[in-house]
Amino acid sequence: MNDDGRPLFVQIAEDIASAVVDGTYPEGTQVPSSNELAAFHRINPATAAKGLNQLVTQGVLQKRRGIGMFVAEGARARLLDSRREDFASQYIAPLVTEARKLGIDPEQLKKMIDVWGDER
């Protein structure tokens with residue numbers, strides 16, 4: 001886990017969510033248990049469980065009593081939608097605001113993005 005100041009359970013939830021998005025855990029597959037996560041990350045099982053339960057609340061995971069936690073159907077699409085919204089508010093809105101301050105109109109900004117995207 002990263003020591004970036006975020007609670008460990010949040011980091012657990014984000015790691016699992018990222019693994020769902022990138023296809024490591026496809027829909028319908030089982031994710032590691034809270035005990036497995038706790039042993040791997042050397043944290044309290046209750047902390048790991050809190051991260052998993054956060055994903056259950058978000059509809060990313062579903063509990064199967066006595067079996068474990070599984071990636072819910074439609075989880076990847078929900079996560080992608082959520083991340084796209086977050087991306088727009090975290091990156092696009094400030095970019096457009098700064099561009100306006102610098103006198104860069106939307107067409108110039110689009111061209112700059114196209115050039116930047118082509119270079120990478």
Side-chain angles (χ1 to χ4, degrees):
M1 301 277 55
N2 297 330
D3 187 17
D4 61 5
R6 292 176 303 141
L8 293 174
F9 77 92
V10 171
Q11 293 179 50
I12 292 284
E14 288 175 355
D15 286 351
I16 298 289
S18 290
V20 171
V21 168
D22 73 19
T24 302
Y25 297 127
E27 294 174 7
T29 60
Q30 188 171 12
V31 299
S33 69
S34 56
N35 287 333
E36 291 169 328
L37 290 167
F40 181 79
H41 294 292
R42 296 185 180 145
I43 60 173
N44 187 309
T47 301
K50 189 172 180 180
L52 292 173
N53 287 328
Q54 182 177 351
L55 293 173
V56 170
T57 301
Q58 294 171 0
V60 174
L61 299 180
Q62 58 185 185
K63 293 180 186 181
R64 294 189 188 162
R65 192 175 190 128
I67 301 174
M69 300 273 197
F70 291 78
V71 179
E73 190 167 320
R76 185 173 187 273
R78 280 192 296 281
L79 286 168
L80 286 172
D81 287 345
S82 174
R83 287 184 176 199
R84 286 181 183 126
E85 288 176 25
D86 291 345
F87 179 83
S89 64
Q90 290 177 355
Y91 299 102
I92 303 300
L95 174 71
V96 170
T97 299
E98 186 64 18
R100 283 187 188 130
K101 289 179 188 176
L102 298 172
I104 300 170
D105 67 42
E107 281 305 312
Q108 290 173 306
L109 184 57
K110 288 176 190 174
K111 288 177 186 175
M112 292 170 78
I113 291 170
D114 287 342
V115 168
W116 186 260
D118 290 342
E119 290 178 1
R120 306 287 171 225

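- For Pro26, the side-chain contact (heavy atoms from CB on, under 4.5 Å) partners at least two apart in sequence or on another chain are Thr29.
- Just one residue in the list Leu55, Val71, Leu80, Asp15 forms a side chain to side chain contact (heavy atoms under 4.5 Å, CB included) with Val20, and that residue is Val71.
- Nearest heavy atom pair, residue Pro45 against residue Ser34, reads O-CB, 3.7 Å.
- Thr24 pairs by the side chain to side chain donor-acceptor pair (under 3.5 Å) definition with Asp22, not counting sequence neighbours.
- Between the CD1 atom of Ile104 and the NZ atom of Lys111 there is a distance of 12.5 Å, given to the nearest 0.5 Å.
- For Arg100, the side chain to side chain donor-acceptor pair (under 3.5 Å) criterion is met by no residue, not counting sequence neighbours.
- By the criterion of side-chain heavy atoms lying less than 4.5 angstrom apart, applied directly or through intervening Ile, Leu, Val, Met, Phe, Trp or Tyr residues, Val115 is not grouped with Leu109; the two fall into different hydrophobic clusters.
- Not counting sequence neighbours, Phe40 has no partner by the ring-ring contact (aromatic ring centres under 6.0 Å, His included) test.
- Val60 and Arg78 get closest at one heavy-atom pair: N-NH2, 4.5 Å.
- Here Arg84 pairs with Asp81 under the salt bridge (charged side-chain N to carboxylate O under 4.0 Å, His left out) rule; sequence neighbours left out.
- Contact annotation: the side chain of Leu52 never approaches that of Val56 to less than 4.5 Å [non-hydrogen atoms, C-beta and beyond].
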Distance-only donor-acceptor hits, side chain of residues 91-98, under 3.5 Å, sequence neighbours excluded:
residue, atom, partner, partner atom, Å
Thr97, OG1, Ala93, O, 2.9

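- Sorted by first then second residue, the side chain to side chain donor-acceptor pair (under 3.5 Å) pairs that include residues 42-60, not counting sequence neighbours, are Asn53-Lys63.
- Applying the side-chain contact (heavy atoms from CB on, under 4.5 Å) rule to Glu73 yields the partners Glu27; only residues at least two apart in sequence or on another chain are considered.
- Listed by chain and number, the residues in a side-chain contact (heavy atoms from CB on, under 4.5 Å) with Arg64 are Gln62, Ile67, Phe70 (sequence neighbours excluded).
- Residues passing the side-chain contact (heavy atoms from CB on, under 4.5 Å) test with Ser33, sequence neighbours excluded: Asn35, Glu36.
- Under the rule for a salt bridge (charged side-chain N to carboxylate O under 4.0 Å, His left out), Glu85 has no partner lying at least two apart in sequence or in another chain.
- Shortest non-hydrogen contact noted between Ala75 and Gly59 is CB-O, 4.4 Å.
- Residues Leu37 and Ile43 share a closest heavy-atom pair of O-CG1, 4.4 Å.
- No path of Ile, Leu, Val, Met, Phe, Trp and Tyr side chains, each step under 4.5 Å between heavy atoms, connects Tyr25 with Phe9, placing them in separate hydrophobic clusters.
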key: side chain to side chain contact (heavy atoms under 4.5 Å, CB included) between Gln11 and Leu8, worked out   = CA-CA 5 Å; Gln11 293 179 50; Leu8 293 174; 4.1 Å; yes
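- Here Ser18 pairs with Arg83 under the side chain to side chain donor-acceptor pair (under 3.5 Å) rule; sequence neighbours left out.
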